*Asks:* 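One structure, pasted below without further comment.
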Amino acid sequence: MPIKLVVGLGNPGSKFEGTRHNIGRRVIERLAKIELAAKLLVTEGFMNQSGGEVAEKARKNGLGPDQVLIVVDEFQIPLGQIKILKSGSGGGHNGLQSVVDVLGTQDIPRLRIGIGPLPQGEDPAVFVLKRFTKPEEEQMSKMLPEICDAVTLAVEKGIEVAMNRYNKQAL
């Protein structure tokens, strides 16, 4: 099924702006500036409870889980890389797990954006709420157009085409 809804997970409020955990929101904000053949959603609730909001938006638009692309941060992927998947578990990401739990399936496409690596001994919950260092922010700013291109390709040509193109290379 074609992607009809692209959702950027994140936390609301200025306290969380610019944090690693909100990179999904940044992608959607950037995509909002271009014409895309899909609806865009930035979750307004907290990351760990985003499943209900995603499910409600999908239901209102008559969409199945396989028509929703979740854009989310991933500290297990190095900064500068993305991974696009058709399905899978929450993988330890509480926001993605909330979506999986509420929709009742793992068959939800997702684009994971590398924000790692997690420094040895650091609590992941603390790490994801930190802002990028200046060099990391410069790298993320350079990545954003490519990430948006990956989302656009997934919407226009299908998730498999985007996976084949972007899962093989670092951005």
Side-chain angles (χ1 to χ4, degrees), residues 1-10 20-43 47 50-51 53-55 57-58 61-118 124 128 132 135-171:
M1 297 294 293
I3 301 295
K4 295 291 184 184
L5 175 63
V6 182
V7 180
L9 299 187
R20 296 168 189 275
H21 223 19
N22 272 20
I23 193 66
R25 292 175 68 95
R26 283 178 62 185
V27 169
I28 300 304
E29 289 164 2
R30 186 175 179 102
L31 284 169
K33 297 175 184 171
I34 64 171
E35 189 172 322
L36 191 64
K39 294 186 182 303
L40 301 174
L41 173 67
V42 172
T43 54
M47 173 78 76
S50 43
E53 193 174 344
V54 173
K57 184 75 168 185
N61 288 283
L63 304 176
D66 61 339
Q67 294 177 286
V68 179
L69 176 64
I70 306 296
V71 181
V72 65
D73 62 285
E74 177 56 69
F75 66 78
Q76 296 178 38
I77 297 174
L79 192 73
Q81 294 184 18
I82 63 172
K83 181 128 183 159
I84 305 169
L85 301 167
K86 286 173 62 171
S87 64
S89 71
H93 191 288
N94 292 334
L96 188 53
Q97 189 62 51
S98 173
V99 174
V100 168
D101 290 346
V102 174
L103 291 179
T105 182
Q106 292 186 359
D107 296 331
I108 307 160
R110 71 280 314 265
L111 186 150
R112 293 178 176 257
I113 302 169
I115 62 165
L118 177 68
V128 299
F132 294 105
E136 289 171 334
E137 179 57 42
E138 289 171 3
Q139 187 173 352
M140 289 307 295
S141 293
K142 288 179 185 172
M143 277 180 64
L144 281 173
E146 281 291 319
I147 294 168
C148 290
D149 287 349
V151 171
T152 301
L153 187 63
V155 169
E156 293 177 354
K157 302 289 184 182
I159 197 76
E160 292 89 359
V161 172
M163 288 169 60
N164 287 335
R165 177 163 180 200
Y166 288 96
N167 285 354
K168 297 177 184 174
Q169 65 185 31
L171 297 177

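Everything numeric here is computed off the predicted structure, so don't read it as measured data.
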*Asks:* For Val42 and Glu53, work out which heavy atoms get closest and say how close.
*Replies:* O-OE2, 3.9 Å
*Asks:* Do Val99 and Arg110 touch side chain to side chain, with heavy atoms closer than 4.5 Å?
*Replies:* no
*Asks:* Measure the spacing between CD of Glu146 and CG of Asp149 and express it to the nearest 0.5 Å.
*Replies:* 5.5 Å
*Asks:* Work out which heavy atom in Leu5 is nearest to a heavy atom in Ala58; give both atom names and the distance.
*Replies:* CD2-N, 4.2 Å
*Asks:* Just do the side-chain contact (heavy atoms from CB on, under 4.5 Å) check on Asn61 and Lys4 with the steps written out, would you?
*Replies:* CA-CA 9 Å; Asn61 288 283; Lys4 295 291 184 184; over 6 Å; no
*Asks:* What pair of heavy atoms forms the shortest contact from Arg26 to Ser141, and how long is it?
*Replies:* NH2-OG, 4.0 Å
*Asks:* Which heavy-atom pair separates Tyr166 from Ala150 by the least distance, and what is that distance?
*Replies:* CE1-CA, 3.5 Å
*Asks:* Over all heavy atoms of both residues, which pair between Ile82 and Ile147 is shortest? Give the atoms and the distance, please.
*Replies:* CG2-CG1, 3.9 Å
*Asks:* Can you confirm whether Met47 sits close enough to Asn94 that some side-chain heavy atom of one is under 4.5 Å from a side-chain heavy atom of the other?
*Replies:* no
*Asks:* Let me confirm one number: the CD1-CD distance from Ile108 to Gln67, rounded to the nearest 0.5 Å.
*Replies:* 12.5 Å
*Asks:* Within the distance-only criterion (no hydrogens, no angle test), does the side chain of Asn167 pair as donor or acceptor with the backbone N or O of Ile84 below 3.5 angstrom?
*Replies:* yes
*Asks:* Would you say Leu31 and Cys148 make side-chain contact, with heavy atoms under 4.5 Å?
*Replies:* yes
*Asks:* Do the side-chain N and O atoms of Asp101 and Gln97 include a donor-acceptor pair separated by under 3.5 angstrom?
*Replies:* yes
*Asks:* Any heavy-atom pair between the side chains of Val128 and Leu118 that's under 4.5 Å?
*Replies:* no
*Asks:* Would you say that Leu63 contacts Met1 through its side chain, given a criterion of any heavy-atom pair below 4.5 Å between the two side chains?
*Replies:* no
*Asks:* Between Ser98 (side chain only) and Gly51 (backbone N and O only), is there a donor and an acceptor less than 3.5 Å apart?
*Replies:* yes
*Asks:* So, taking the atom named CD in Glu136 and the one named CZ in Arg20, what distance separates them when rounded to the nearest 0.5 Å?
*Replies:* 4.0 Å
*Asks:* When you compare the side chain of Val102 with that of Val54, does any pair of heavy atoms fall below 4.5 Å?
*Replies:* no
*Asks:* Show your reasoning for whether side-chain contact (heavy atoms from CB on, under 4.5 Å) applies to Ile113 and Ile77.
*Replies:* CA-CA 7 Å; Ile113 302 169; Ile77 297 174; over 6 Å; no
*Asks:* Where is the tightest heavy-atom contact between Ser50 and Gly95, given as atom of each residue plus distance?
*Replies:* OG-O, 3.5 Å
*Asks:* Heavy atoms, side chains only, cut-off 4.5 Å: are His21 and Ile115 in contact?
*Replies:* no
*Asks:* Hey, is the main chain of Glu74 close enough, under 3.5 Å, to the side chain of Arg112 for a donor-acceptor pair?
*Replies:* no
*Asks:* If you measure from CD1 on Ile70 to CG on Leu103, what distance do you get to the nearest 0.5 Å?
*Replies:* 7.5 Å
*Asks:* Report the distance from atom CG of Asn22 to atom CD1 of Ile28, rounding to the nearest 0.5 Å.
*Replies:* 12.0 Å
*Asks:* To the nearest 0.5 Å, what is the distance between CD (Glu29) and CG (Leu40)?
*Replies:* 11.0 Å
